[in-house]
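Working notes, structure below.
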Amino acid sequence: MGQLNQRHILVAISGGIAAYKGAELVRLLKKQGARVRVVLSRGATEFITPLTMQALSGEPTHTELLDEAAEAGMGHIELARWADVMIIAPATADVIARLAQGRADDLLTTVALATPAPVAVAPAMNQQMWAHAATQENIQMLASRHIQIIGPDAGEQACGDVGPGRLLDPEAIVAAVNARFESRLLEGRRVVITAGPTLEAIDPVRYLSNHSSGKMGFALAGACAEAGAQVELISGPVHLDTPNRVTLHPVTSATEMCEQALALSAGADVFIGAAAVADYRPESASAEKIKKADGNPLILTLVENPDIIACVAQSSSRPYMVVGFAAETASLMDHAREKRQRKGLDMIIANDVSDPDTTFGSEQNAVHLITATEEQSLPLASKRVIAEQIVAAVAATLNR
Ligand code: C5P
């Protein structure tokens, strides 16, 4: 599996003769393990049907911006946020011009404007249209906004002309999108990440825990591995697939997590504490199942767990960078700033868990990155996109 496994890929097809190649593109992306949703422009529906794309993607096809039924299913903003990457292929001269102007006059351009995910554009048009100064200026403008331009290819065209303007082969488009995710920002670095909840045993059948899903920590592990790092992921019990090229160290309790964290982080470049560590554990777990006490209250004595990230930050073999999370329900920024200083962290990622969009278990997040000298807000996006932005910020600090 490549970089696209489990990614949410939004394929937007505009109305050119190459639209039929969009079907092959979707098939190849699915083969790589991606989840694919398709947006067809009105022109594209003249060349390829929504039903074809629905059958190939296994998801409903999206065609209209202001369609009651479609908006009730997954509205354009939700679609934009769902995406980990948006690929516009084929992108006609008209779509490229509208993207350059930032127009939002159909579903395709609106989603392109609304998505926080990276956008890639694979142009396809007649060679004369491609060579025109207007198209070239529009393409330059898109590239300057970090939109990935894939192709075009040169050769024989549907209209009989020969020259540059053909849609690149779907295999080459997939390879280019894959390459983009291999950013190599953390090449040669070793990163240790904690994720998920910890379970603190009360007796052989009961435990204390929390609602952490592990999604943010696993997304970070995947993003760090894609950026070229060697990744050790220490996780409490979760129901998630381990990302490619990540070594998983499963643990149950905070005590076990702490032991692994200290052992693995010695000499590492980066430590990221994304785990929701239980602050307390029962003083001693009962060897036998505790029986009900006939209406009397059950008293448990809880003792404090070690603060894992603070121990890592204070250890003699401290990683260059220690990054923590602050999941708060009130006074987010103040609590996070205080926590960063108290725990001796280089960066803290503040996360409002009172908001249903960004709470435990959600697919998306919106966070604030806080260092001693800088603060940066990352607006609502998929946890994968947020993870990539965090990796970019960590790499920038490391390389400074
Ligand atoms: O104090 P609080 O739990 O809010 O701090 C959150 C940060 O500290 C997270 O990065 C979390 O992984 C880490 N932490 C830890 N060990 C604990 C408690 C929190 O590593 N016992």
Side-chain angles (χ1 to χ4, degrees), residues 191-201 207-221 224 231-238 240 249-266 268 270-283 302-315 318-319 321-355 358-361 365 367-372 378 383 386-387 390-391 393-394 397:
V191 180
V192 179
I193 300 174
T194 65
T198 65
L199 268 55
E200 311 298 332
Y207 57 78
L208 296 175
S209 191
N210 57 61
H211 291 299
S212 171
S213 64
K215 285 177 189 164
M216 194 63 239
F218 274 60
L220 274 165
C224 288
V231 185
E232 316 276 0
L233 176 61
I234 309 165
S235 179
V238 293
L240 296 172
H249 304 267
V251 295
T252 306
S253 67
T255 313
E256 283 168 30
M257 187 176 272
C258 193
E259 277 168 20
Q260 290 274 14
L262 286 171
L264 291 166
S265 67
V270 182
F271 179 88
I272 306 178
V277 184
D279 288 326
Y280 293 92
R281 66 175 182 277
E283 190 172 33
L302 302 180
V303 294
E304 214 171 320
N305 271 327
D307 191 315
I308 300 172
I309 205 165
C311 293
V312 168
Q314 283 153 23
S315 78
R318 182 193 199 278
M321 245 190 119
V322 180
V323 180
F325 274 78
E328 306 290 343
T329 54
S331 307
L332 176 67
M333 298 302 275
D334 287 344
H335 283 317
R337 289 183 195 113
E338 182 277 325
K339 218 167 259 185
R340 190 195 69 77
Q341 278 203 313
R342 174 164 47 84
K343 298 194 184 213
L345 312 181
D346 302 285
M347 180 188 285
I348 196 150
I349 300 160
N351 181 187
D352 180 354
V353 287
S354 68
D355 181 336
T358 60
T359 192
F360 290 116
N365 211 349
V367 298
H368 306 271
L369 311 188
I370 303 172
T371 68
L378 305 182
K383 285 188 172 169
I386 294 284
I390 293 172
V391 165
V394 166
T397 310

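When a ligand or atom number is given, it counts from 1 through the structure's own listing order. Treat the numbers as computed from the prediction; the structure is a model and nothing was measured.
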**Message:** For a quick check: using heavy atoms under 4.0 Å, what are the residues in contact with ligand 1, sorted by chain and number?
**Reply:** Gly273, Ala275, Val277, Asp279, Pro306, Asp307, Ile308, Ile309, Gly324, Phe325, Lys339, Lys343

**Prompt:** Quick one: does Lys215's side chain have a donor or acceptor within less than 3.5 Å of a partner on Gly361's backbone?
**Reply:** yes

**Request:** Report yes or no: does Asn210 contribute a side-chain atom to a donor-acceptor pair with the main-chain N or O of Ala276 at less than 3.5 Å?
**Result:** yes

**Request:** Kindly write out the residues that satisfy side chain to side chain contact (heavy atoms under 4.5 Å, CB included) with Asp352, not counting sequence neighbours, or none if the list is empty.
**Result:** Leu332, Ser354, Asp355, Thr358

**Asked** Can you tell if the side chain of Ser209 reaches within under 4.5 Å of the side chain of Thr198, non-hydrogen atoms only?
**Response** no

**Prompt:** Are Arg318 and Asp346 close enough, and set up right, to give a salt bridge (charged side-chain N to carboxylate O under 4.0 Å, His left out), and what steps lead you there?
**Reply:** CA-CA 11 Å; Arg318 182 193 199 278; Asp346 302 285; 3.1 Å; yes

**Message:** Checking side-chain contact (heavy atoms from CB on, under 4.5 Å) between Val277 and each of Thr194, Asp307, Ile308, which is the one that passes?
**Reply:** Ile308

